2 protein chains.
Amino acid sequence: MKDRPSRATGRPTLAQVAARAGVSQITASRALRSIATVDPQLATRVHDAAKALAYVPNPAARTLASARSQSILVLVPALSNHLFIETLEAVQDVLRPRGFDVLIGNYHYRQDEEEELIRNYLSFQPCGILLTGFNRSETAARLLANAGVPCVYMMELRQEEGIVCVGFSQEAAGAKVAEHLMSRGRRKLAFVGAQLDARVLQRRDGYQQAIARVDLPPAFEIMTPEPSSVELGGDLFNRLLTEHPNTDGIFFCNDDLAFGASFEALRKGVAIPAQISVVGFNDLPGAGQMVPRLTSVRTPRATIGEHAALSLLSLLCGETPEIPALDLGFKLIVRESS
Amino acid sequence: MKDRPSRATGRPTLAQVAARAGVSQITASRALRSIATVDPQLATRVHDAAKALAYVPNPAARTLASARSQSILVLVPALSNHLFIETLEAVQDVLRPRGFDVLIGNYHYRQDEEEELIRNYLSFQPCGILLTGFNRSETAARLLANAGVPCVYMMELRQEEGIVCVGFSQEAAGAKVAEHLMSRGRRKLAFVGAQLDARVLQRRDGYQQAIARVDLPPAFEIMTPEPSSVELGGDLFNRLLTEHPNTDGIFFCNDDLAFGASFEALRKGVAIPAQISVVGFNDLPGAGQMVPRLTSVRTPRATIGEHAALSLLSLLCGETPEIPALDLGFKLIVRESS
DNA sequence: GATTAATAAGGTAGCGCTATCTCAAAGTCG
DNA sequence: CGACTTTGAGATAGCGCTACCTTATTAATC
């Protein structure tokens, strides 16, 4: 019988660590995974051996043997929006130091793409998933349910048995903006929305409801499914001025649009806030430097990422978070534009 | 002997596909990986069986058996800069349809963090790595060399045996800006840089060299290692006005800074471009909407991502790209601010 | 037509790790 | 003090796939 060439990677293996520590492989495995049933003295020997050999576990072998990886999947609708970047960073800051690795999936606000990502990434057997909002295809939801992987939902809230979510009330935020504009004496309000994901619509609803509560006529709406951008903001602002020239208060569904509108106003000589008050959403970096400085709703996107990751961790430990739907609130930052 | 409970995942396996197709497992494996030595007829049978069973390969098993994953690691210095987002998206657009999955590592412009990410992700046995620039710790470079994983470098160019890179000449871009400002009659030039990564310094060098070539005094420099932001741009602009009030042309190392400066100029009543010409870098979305519309250098960041991914693919096939250092150029977009 | 070379398919043996079971030793209790 | 539980460690057997070697078949060469 000829010797087959080794197919090994050359990296130190658990077997070598175990041999060096004078214990069995499985004991070494348990020690390195901090499983309680190992004598502390043995555990120390194992850790010393691992350090001496510069042992790094092989995640593929681990995943294959346990049918569960150390990866956590995070699905966001866009990377182009700075909002989600901050959420992602916070998620990574929580998970990476704890030995998880974060897989990022960007579905470009498309349900079919999200479904495809879920299908694809489930084959990696992630140990947990962070999702944005509740709006997804039935197939996607079924895939997730069948996989039995713990999920935490970000950005939106829903009080429902078995649902763990971290976010804030988009409706309440929308209402707050309406109340603010009305407190400034604005009566001819408008809402400008792009992209039109579930959260934009929720903000719109909250905004309109607050207006209805004081028996004002509903806000004029300009809505487009186009992706949001600074340029689009300028266009929609112009459209609004043409269609409803006497508008005196606008809530843009996000800051990008509001930025574009502000530029256009400067160019056209439309006085903000003298003639029209403008409010954005998210309070992105730069909102406070705009001319005029932009009133916006500061959303807790980083904290949402952080707490979503922590909630997922507790799910992974078999615990249920005390508050399954965690409301992190928001804050209206009033500046010159209103 | 008691029956052990199955540890299987429940998902269909290659063995089932093979059985259904009436071939051996290894033939099924080869057929699904499109390895040439399989009879097309058998291959069809295998593919049909796989489809019928909704078979999805187990990446962990694949990685373990072959000591090589289907993952490609991309390391970028920041996600907060929109520039890299576009590069990442282009990379993903090339690699995901071809069955690779993209691992994103963000090292926050810190060499130690990059090193840590490399160390960590190498344990996943990625089949290729995309890196940003050439500036990294020696340890990191050694780790990469020892791993023997194909690498492609993005953003910067270097003519060197065995180095595959895709980018453009940062120096040439800097020079181009200087020439443009001088062509507008500007003589008292300044350079404002933040973050100060290698690429910012290269742009600065190109800028200064172009100025030196026509025997003008060197540009005044304001340099700070702080992370770049709109707010910082305003601060640095004010500092520049105080320290060198007669400056008549400024090159900001990126658009964020230029945005902040523009806002501050509007606020202070400094006339751009009448009093000072301003040029940014990257031509981020929004540059064309600024007041005044910002002159900027449009960088091919998406194309860089695309070509870097393609070059990596050819390395994976054992080919060497015809042009190992691919210069994708840049374009000065002249607008109102200069 | 015998020998060699190329080709295609399959058998076998892991890759490196962990789940499960087994067993010995120690602790617990009526 | 014997029967029962608890505890810690090890033996065993895969997880699902692919690399390597071998063998069967066909094509090419002398």
Side-chain angles (χ1 to χ4, degrees), chain A residues 1-46 50 53 55-70 99 122-125 127, chain B residues 1-46 50 53 55-70 99 122-125 127:
Chain A
M1 183 71 112
K2 232 179 286 176
D3 268 0
R4 286 165 181 257
S6 165
R7 288 167 54 196
T9 53
R11 285 168 25 195
T13 69
L14 187 61
Q16 293 171 34
V17 174
R20 192 177 228 267
V23 299
S24 73
Q25 224 186 98
I26 185 64
T27 301
S29 169
R30 288 199 267 249
L32 291 174
R33 282 179 295 154
S34 322
I35 288 182
T37 62
V38 176
D39 186 302
Q41 219 173 335
L42 285 189
T44 314
R45 285 228 306 274
V46 171
L53 294 170
Y55 169 74
V56 180
N58 182 323
R62 186 171 264 190
T63 303
L64 184 59
S66 66
R68 177 128 305 190
S69 75
Q70 291 293 105
L122 278 180
S123 77
F124 288 82
Q125 295 160 287
C127 59
Chain B
M1 186 69 114
K2 233 179 288 179
D3 268 2
R4 286 165 181 257
S6 164
R7 288 168 53 196
T9 52
R11 286 169 22 194
T13 68
L14 187 60
Q16 292 170 34
V17 174
R20 197 186 167 109
V23 300
S24 74
Q25 223 185 103
I26 185 66
T27 301
S29 169
R30 288 198 268 248
L32 291 173
R33 283 180 294 154
S34 321
I35 287 183
T37 62
V38 176
D39 186 302
Q41 220 174 333
L42 284 190
T44 313
R45 286 228 307 274
V46 171
L53 294 171
Y55 169 74
V56 180
N58 182 322
R62 188 172 261 190
T63 304
L64 184 58
S66 66
R68 176 130 304 189
S69 75
Q70 291 292 104
L122 279 180
S123 78
F124 289 82
Q125 295 160 288
C127 58

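The figures that follow rest on heavy atoms only: side chains count, while hydrogens, waters and symmetry mates do not. All values reported here derive from a predicted model rather than from experimental measurement. In the text below, chain A, chain B and the rest are named by the order of the sequence lines, each starting its count at 1.
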Grab the [atom1]-[atom2] distance between [X] and [N] for me, whole Å please.
X	N	atom1	atom2	result
B/L42	C/dT7	CG	P	17 Å
A/R30	D/dA11	CZ	C1'	11 Å
A/L53	C/dG16	CG	P	14 Å
A/I35	D/dT7	CD1	P	15 Å
A/Q70	C/dC17	CD	P	13 Å
B/Q16	D/dG16	CD	P	9 Å
B/R45	C/dA9	CZ	C1'	12 Å
A/L32	C/dG16	CG	P	16 Å

Nearest to the side chain of [X] - [options]?
X	options	value
A/Q25	C/dT18, C/dG16, D/dG16	C/dT18
B/S29	D/dG16, D/dT18, D/dG10	D/dT18
B/D39	D/dG16, D/dT18, C/dA9	C/dA9
B/A8	C/dA9, D/dG16, C/dT18	D/dG16
A/L14	D/dG10, D/dT18, C/dC17	C/dC17

_Closest-nucleotide mapping onto DNA chain C: is A/S66 or B/A28 further toward the 5' terminus? I mean the 5' end._
B/A28

_Heavy-atom nearest nucleotide on DNA chain C for B/L64 versus A/A65: which residue maps closer to 5'?_
B/L64

_Closest contact, heavy atoms only, B/L53 versus B/P12_ = O-CG, 3.3 Å

*So which heavy atom on B/R11 is nearest to which on B/N58, and how close?*
NH2-CA, 3.8 Å

*Can you find a heavy atom in the side chain of B/R30 that is under 4.5 Å from one in the side chain of B/I26?*
yes

*Side chains of A/Q25 and A/Q16: closer than 4.5 Å at any heavy-atom pair?*
no

*asked:* Counting the atoms with a prime plus P, OP1 and OP2 as sugar-phosphate, which does A/T9 contact under 4.0 Å by heavy atoms, base, sugar-phosphate, or nothing?
replied: sugar-phosphate

*Base, sugar-phosphate alone, or nothing: which one does B/R11 contact when heavy atoms must sit under 4.0 Å apart?*
nothing

Is [X] close enough to [N] that one of its side-chain N or O atoms is under 4.0 Å from OP1 or OP2 there?
X	N	answer
A/S24	D/dG10	yes
A/R33	C/dT18	yes
B/T27	C/dG10	yes

*Backbone N or O of B/V23 within a donor-acceptor pair of the B/T27 side chain at under 3.5 Å?*
no

